[in-house]
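Notes to accompany the following structure.
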Amino acid sequence: METLPLFIAIPLAVAFLFPVFEKLSLRRALLDGLAVLATAALLAGSLGLLAQPDRVYWIGGWAPPVTGINLVSDGLSRLMLVVVQAISFFSIVFSLRYMDRYSSRGFYYGLFFLLLAGMNGVVLTGDLFNLFVFIEIAAIASYALVAFGCESEELEASFKYLVLGSVSSAFILLGVGMLYNLTGTLNMAEVAAKAPALSGLPIMAMVGACFLFGFGLKAAMVPFHAWLPDAHPSAPAPISAMLSGVLIKAGGVYVLFRLFFSVFGMDLLYARVFMALGAVSMLIGVLLAVGQWDFKRLLAYHSISQMGYVLLSVGVGGEVLARGGPTPVAALAVFAGLFHLVNHAAFKSLLFLCSGSMEYVTGTRQLAEMGGLSRPMPLTGLACRVAALSISGIPPFNGFWSKLLIIIAIVQAGHYALAALTVLVSFLTLLSFIKVQRYALEGPLPELLRSVREAGLAMSLPLLALAALCLLGGLLLPLYAGALFTPAQEAMLSGLNYARAILGG
Amino acid sequence: MKRFAAFPLFLLVWMGLTWSLHWQDLLAGVLVSLVVCLLVGRFVALSVLPMLSPRRIFWTLVYLPFFFYHCVRANLDVAYRVLHPDTPIRPGFIRVETTLPSRAARVILASSITLTPGTLAVDLVDSSLYIHWINVRGKTHADYHRAVVAPFERILKEIFR
Amino acid sequence: MQATSESGGGLSPIVKTVARWMAGFILVFGLSVVLYGHLTPGGGFAGGVVLSAAFILVVLSHGRREVLQILSERAPTIYDGLAALAFLLLAVLGYAAGGFFLNFLPKGQPFQLWSGGIIPLCNLAIGVKVGACLFGVFAALAVFRHLHQRSA
Amino acid sequence: MTAILIGLFALLIFMIVACLIAIETRDLLSAVVCVGAAGFGLALADLLLSAPDLALTQMVVEFICVVVLIRVVVTRQDHTHETPKDTFALAAVVLCLGLFLAACGFTFAALRPFGAPLFAGPEPTMAGQYVAHGLPDTGAVNYVTSILLDFRGYDTLGEATVIFVSIIGAYAVLRSVGRIGHASHK
């Protein structure tokens, strides 16, 4: 039984059903049950996929010579698939209670599953135009979800996001069009097979620039980051967790890795651009974050900074690979980047869910108006501390291990200045999260918030589960690295062999 | 049953569009016409069967060339007025009473007047037609009626009797 | 002029009557564009837009007030969802028959209406979907203005 | 070929001018009419490039969109506000656009010449496969449909979903009441 198409078909079917269900005025429990069941099934399916070998699925039975679209399950896409399903499962469980504060549960679930279907489609596809289509699905769903509260600030943030997102989509489409014109095919593997012959042409630099701009904007790398600090905090908290936790990865960073490692082949120029983008994002993001007093906005700026780590580390790996340096160093750098990507998904979603939990009971996102919340809300407080320690890189949490590996890899690659910068950024991250601890969790409880209590088990359980992942993700790394990370790292390092793996021969 | 009155009309249009007598096309046409009748049949609700009487078909066939003739004549008239150096026009609104009985007949009258250049039916309130006329001639309602409405009305009255 | 679109009363009886007559013929034309998409230029997207035009015409001529009495706010999204589901169902039926989006029906004779396997059915689903969608956009902008949701 | 190119360029210039007027005009209704004109130009361009089905779709969509937009604009007393001209922003935009166009002009020479179809080339391409396999493998006489709904039916599902998500999103954003209970403090 081939399960790959189900990762798109199930969320789409669920999403199409919700408008009908809302008309039928079904009991709320039924809607909730369906949503949880669907995400749980997808999570189980993606975990089951980890045990299976790489494979290609030709949709419609159109086997090569390529006329149809293919779905690809290789190490990198399986890794992303698991991360997407896991975060969406936790977000849905958290939404059960949190979305009481919003109207139209049916539309919320519909848009959520469309977002999920879009991301799964992006992660699994092996076709450039199909990639564009599914990126659009995810992006449009996220525009609507950012404005789901229907207040003027949210609409404004969503509009800004929409305009910049459309510009980036236009550039992506332009890049896809140019590649189609040059190679006569949209299949990534066939493009990869023909790319080396074209590599010297200036048009390939143009294509690369279009993709870098387009997906860089979706990933909110620093020159293109203006939309993110408005858009991510405006969304309902579980959606912020989805956007920061997985959308900027599945729709931005993952595609950059896929295109530049597997399709174009990493060369020195691209690797240096990756490193520069990563380093600048890392530094600017954290500098902007330190001064923030809005909890969610602070977290959003940290997303830019943390994704900078990932891009920098993978860029270093690519650079070592391109200049013919030692392969183990490149492998370590790529591994560390991917590990940090997964860790960021865990602790950033956790932080956003914590902020949602606090906002749910206190009605505010301003750190200055909170205080002493760890006493009335022990579970949320605990989860929030774990996540804050994790993102600041304090042992024994997962963020520490990935940052350590990143720094080791950068030092081994010989970029001492970048390693120092990484340490500095890590220190600044710690500083800004000390501020969060100090103002939100410690100190006296303000008079207004005397009566707050924990929001309930449905909201606390996902927090605790994610907090456990943050702790165990680092400690148990040797146990699961072989199943999760090694195939992904191999998929990226094998570069243009992607074409041979898919087309055979 | 009233909503299926327009069924043959839809089927006829379908056959004209597909221009084929193959059984598949006809079957599809029947299905499509049924669906369209279900959707908007009660909006259309034309009484089709009386429309098929030979007398009406005859007068319809008379009406078409007559209308065409008036159309051409009005075209030439408007062209003359536009091209003439003095542009001899006298635009204005007029109101005429029509004696046609049914609303459908009045709407067809109004459409014919609109399609004829120089006159434009603006609104229809009960039996009064408000018309914009490029060159208003005459003084009384009877004058207006004779000039603009009467030629069409005479034949339409025969069709919708 | 009697035009009272401001208050939602609709246009003059001339326009209303003609719009009612035309709507049926536009629907027939739209459905022929949809169903013959695999034989002639056209298909679900173009035909769906034509289908929505018929309904938009009726709504435009009759005005908000009259329309709001028969049209529910949810109708467009429901037809939209159901048609999308039908399209997905065709794909999933193919999946059951051996491959996602497999064209599992017999191909038929070229140039006949019944040819191309699932293609005409897909066209039909897309046509309904696009029609409902465009009409939904129009209704949301011009008829409802603000949607009053139940909190489910 | 040259005649088509000349017509195409004329249409492109017409469309660009229409879009610029649409952006610059202060009256919403004129802006809508200009957008409609640009869309009409696009339909004509499709026709020139012998894509009748695209032209048909574009034309119908354009009519409907213009009608809907006029219907929406006519009853609203919205006024566009005169924004002060920001010379620096304008200069930056012109500079970026100029750089982009220069880069396009420099690099697009490597692309296939205009009017050279991908399926007619010597090397095997996707388009060539479609032309060779379209009728025998799908049974659809219209190649566009055979690609749209059979070879790349999955893409079309995605496109249909894009439309679906747009309308669901629009309905979600147009709700009159977004939040229940106490609104968050700002």
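Numbered from 1 within each chain, the chains take letters A, B, ... in sequence-line order.
Heavy-atom contacts from other residues, nucleotides or ligands closer than 6.0 Å to CZ of D:Phe40 number 12 or fewer. With a 6.0 Å radius and a threshold of 12 heavy atoms from other residues, nucleotides or ligands, D:Phe106 has its CZ atom at or below the threshold. Residue-environment remark: OH (C:Tyr79) stays at or below the threshold of 12 foreign heavy atoms within 6.0 Å.
D:Tyr171 contributes a side-chain N or O that, together with a main-chain N or O of C:Gly136, makes up a donor-acceptor pair within less than 3.5 Å. A donor-acceptor distance shorter than 3.5 angstrom exists from the side chain of D:Asn142 to the backbone of C:Gly37, with no hydrogens or angles considered.
Of the two parts of D:Ser166, neither the backbone nor the side chain holds a non-hydrogen atom closer than 4.5 Å to a non-hydrogen atom of chain C. With a 4.5 angstrom heavy-atom cutoff, D:Leu157 touches chain C via backbone and side-chain atoms both. Heavy-atom distances place the side chain of D:Leu135, and not its backbone, under 4.5 Å from chain C. At a 4.5 Å heavy-atom cutoff, D:Val144 makes no contact with chain C through either its backbone or its side chain. Neither the backbone nor the side chain of C:Pro106 has a heavy atom closer than 4.5 Å to any heavy atom of chain D. Both the backbone and the side chain of D:Ile163 come within contact range of chain C, each with at least one heavy atom under 4.5 Å from a heavy atom of that chain.
Summarising the geometry, atom CD1 belonging to C:Ile119 is positioned 9.5 Å from atom CG belonging to D:Leu148; distances are rounded to the nearest 0.5 Å. In this structure, C:His38 NE2 and D:Leu149 CG are separated by 10.5 Å, a value rounded to the nearest 0.5 Å. Distance OH/C:Tyr36 to OG1/D:Thr145: 14.0 Å, rounded to 0.5 Å. Note: D:Ile167 CD1 to C:Cys133 SG = 4.5 Å, rounded to the nearest 0.5 Å.
Comparing C:Ile118, C:Thr77, C:Val137, C:Val33 by heavy-atom pairs within less than 4.5 Å of chain D, the highest count is held by C:Thr77. With respect to chain D, the highest number of heavy-atom pairs below 4.5 Å among C:Asn123, C:Ile126, C:Val130 belongs to C:Asn123. Of the listed residues D:Leu69, D:Val141, D:Asp53, D:Val68, the one with more heavy-atom pairs under 4.5 angstrom with chain C than any other is D:Val141.
Scanning all heavy atoms of the two residues, the minimum distance from D:Arg71 to C:Leu60 falls at CD-CD2, 3.3 Å. Smallest separation of non-hydrogen atoms from D:Thr57 and C:Phe45: CG2-C, 4.3 Å. Residue C:Ala53 comes nearest to D:Ile64 through the heavy atom pair CB-CD1, 3.3 Å, listed as atom of the first residue, atom of the second, then distance. Taking every heavy atom of both residues into account, C:Gly42 and D:Leu56 meet most closely at CA-CD2, 4.3 Å.
Side chains of C:Phe101 and D:Asp150 form no contact here, defined as non-hydrogen atoms less than 4.5 Å apart.
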